[in-house]
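Just so it is clear: chains get the letters A, B, ... in the order the sequence lines come, proteins before strands, and each one is counted from 1. Values below: all heavy atoms of this structure, side chains included; hydrogens, waters and symmetry mates excluded.
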Amino acid sequence: MQEQKHKQVTTAPRLRFAPSPTGFQHIGGYRTALFSWLFARHSGGTFILRIEDTDLSRTVEGAVSYLIEGLKWLGLDYDEGPVVGGPYGPYYQTQRKALYQQYAHQLIVSGHAYRCYCTPERLEQMRKEQEAQKLPPRYDRRCRFLTTEERAALEAAGHSWTVRFAMPLEGETIVHDELHGDITFKNADLDDAVILKSDGYPTYHLANVIDDHLMGITHVLRGEEWIASAPRHVQIYQALGWEPPLFYHLPNVLGKDKKKLSKRHNAPSWDTLQKQGYLPEAVFNFLALLGWAYDDKTEIFSREELIRVFTLDRIGVSGGILDPDKLTWMNGVYIRQLPLEELTRRTLPYLERPAAEGGLPDSVPRPLDFEYTQRVLQLEQERLKTLGEAAQMIDFFYVDELHYDTALLIQKQMDAASTRAALERTREILVALDLWEHSALEEPLRALAATLGLKTGQLFGAIRVAISGRTVSPPLFQTMEVLGRQRTLHRLDQAIARLS
RNA sequence: GGCGCAUUCGUCUAGCGGUCUAGGACACCGCCCUCUCAAGGCGGAGAUCACGGGUUCAAAUCCCGUAUGCGCUACCA
């Protein structure tokens with residue numbers, strides 16, 4: 001015990017993210033990676049990516065590169081792993097097959113494991129019977145107690161086999177979890193899990209233990225669904241004569257429906273968020289706060305601040321629901337913090353994508369003018385929640401023809417005639433203006449409203465619809481300034497024509 | 001069914017025995033600002049700290065039950 005502590009303070013932490021490439025990692029999975037990454041960076045340790053691809057049947061083509069792209073998007077760089085390599089490789093478990101077999105053999109020799117010849121059919125039937133009798137479904141350990149002769153016979157008959165770990169029949173196994181404390185399991189409740197499959201590949205239990213040990217992992221952060229099999233893991237460590245790492249079982253992230261996050265539910269994957277225009281730095285910040293808190297008030301953290309203040313002991317244990325509204329709010333905060341030039345650069349691709357994907361109407365020629373777009377975005381920056389929604393907010397700055405309901409032009413207590421008159425007078429004033437900028441526009445138009453006996457809201461409302469085709473826009477005069485005199489006048493003309 | 005984990009405003013959380021008539025944030029509502037919408041400012045509503053027992057001078061905080069939710073119970077991870 002003393003030694004374990006000593007080891008902790010003298011060794012630089014090594015943490016790993018060990019996903020299996022069986023599908024598309026949702027955002028909850030990335031949170032686990034984020035916590036490991038943050039602690040590694042906080043402590044000057046190492047962050048490792050290891051691919052647990054031992055289930056060939058579930059491995060999905062392209063999942064690994066998709067996963068790595070996601071890490072990259074979030075800025076979670078890893079020190080060892082696929083592509084970059086490292087001193088403890090290979091980092092794909094399928095490439096470490098011989099290693100697992102070697103240790104499985106060692107466990108058999110030491111009496112901690114045994115070959116099991118039971119067929120899937122027998123296991124299935126056994127399970128059914130147990131269920132029918134309301135008994136907990138468990139392997140009956142038939143092959144654990146085979147005589148040497150029986151074993152030889154089965155071997156000779158060419159039966160295929162798996163290797164099972166021989167759990168102690170009595171006593172208790174204590175799993176020490178840094179977040180939950182000691183969790184005690186009765187060994188009698190645990191069955192002999194398969195650690196090496198008949199195809200020669202290991203299951204998670206074996207591969208994970210061996211790799212974590214061989215790769216020098218000091219802190220294991222993983223989902224709390226692993227708590228139930230953790231006693232098996234500590235037994236395997238013990239049987240191999242190894243010291244287990246520190247365990248941190250993280251609470252699951254739930255969907256709105258309080259169910260575990262899954263792709264079909266409301267679990268966005270990283271690229272969905274990216275397509276919607278969420279900034280990775282906002283997602284990063286948001287994810288860090290899901291099950292972790294620094295104090296009772298701080299919410300916005302830069303990456304550097306997070307690295308500096310992130311500690312494992314402040315991880316919560318209770319499991320939380322992902323709140324998309326809060327993510328959207330936080331994204332807005334980050335958008336407002338962006339320098340204008342950067343905002344423009346990052347928004348441009350969203351605007352230039354095809355209309356079907358959320359971009360500007362296809363009639364608008366690409367590429368967009370940077371300077372002009374920058375002026376447009378300056379007006380919308382504080383209104384933007386996601387980059388993806390920019391196109392529909394600002395399309396009127398780009399299109400030639402406005403489409404809107406003429407009735408929108410007519411403000412409260414006005415009619416077509418008075419509106420038309422007001423717009424005509426507006427036009428006259430604008431044509432005569434020397435300087436086309438918002439400060440020069442405002443004064444004469446306010447005066448006009450007074451002259452006509454209109455409230456500013458009435459006059460400006462009508463003009464707003466005329467030039468933007470909508471009732472909501474950035475401040476009117478700035479909008480007109482960016483739009484330019486020619487386009488503004490043209491749109492006024494069209495509005496006047498509509499009212500004739 | 002068995003085993004395990006969890007339980008503070010609708011949601012994310014602060015709280016680690018007295019400072020809690022429980023603090024912050026999102027969402028919601030109102031007011032201010034105001035040419036609309038935002039942003040911002042101010043304020044409001046919202047939690048008998050799941051419930052029941054203990055321990056203690058004192059419990060959201062410690063212990064034990066109960067309930068509920070979730071997880072595991074595969075030759076998946």
Quiz prompt | salt bridge (Lys or Arg N to Asp or Glu O under 4.0 Å) partners of residues 286-300 of chain A, not counting sequence neighbours, each pair once | solution = A/E299-A/K326
Closer than 4.0 Å, any side-chain N/O of [X] to the OP1 or OP2 of [N]?
X      : N      : answer
A/S229 : B/rU73 : no
A/R336 : B/rG40 : yes
A/H249 : B/rC5  : no
A/R127 : B/rC75 : yes
A/R164 : B/rC75 : yes
A/R58  : B/rA74 : no

Quiz item: Taking RNA chain B as the partner, which of residues 458-474 of chain A come within under 4.0 angstrom of it by heavy atom?
Solution: A/F460, A/R464, A/T471, A/V472, A/S473, A/P474
Practice problem: Please work out which residues in residues 192-202 of chain A have a non-hydrogen atom less than 4.0 Å from an atom of RNA chain B and list them by number. | Solution: A/V194, A/K197, A/S198, A/P202
Practice problem: Determine yes or no for a side-chain-to-main-chain donor-acceptor pair under 3.5 angstrom, with A/Y92 supplying the side chain and A/R96 the backbone. | Solution: no
Quiz item: Would you say A/S229's side chain and A/R232's backbone share a donor-acceptor pair under 3.5 angstrom?
Solution: no
Quiz prompt | Contacts of A/T162 that satisfy side-chain hydrogen bond (donor to acceptor under 3.5 Å, both in side chains) - sequence neighbours left out | solution =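 Scan of A/T162 (side-chain hydrogen bond (donor to acceptor under 3.5 Å, both in side chains), adjacent residues dropped) gives none.
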Exercise. Just grab all the ring pair (Phe, Tyr, Trp, His ring centres under 6.0 Å) pairs involving residues 308-337 of chain A, residues at least two apart or on different chains.
Key: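 Only A/F35-A/F310, A/W292-A/F310 qualify under ring pair (Phe, Tyr, Trp, His ring centres under 6.0 Å).
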Practice problem: Answer with yes or no after comparing the ring centroid distance for A/F24 and A/Y66 against a 6.0 Å cut-off, counting only values under it. | Solution: yes
Quiz prompt | A/W226-A/F247 aromatic ring centre distance below 6.0 Å | solution =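 No, ring centres 6.0 Å or more apart.
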Exercise. Determine, for nucleotides 23-32 of chain B in 5'-to-3' order, which nucleotides have protein heavy atoms under 4.0 Å from the base (write B), from only the sugar-phosphate (write S), or from neither (write -).
Key: BSBB------
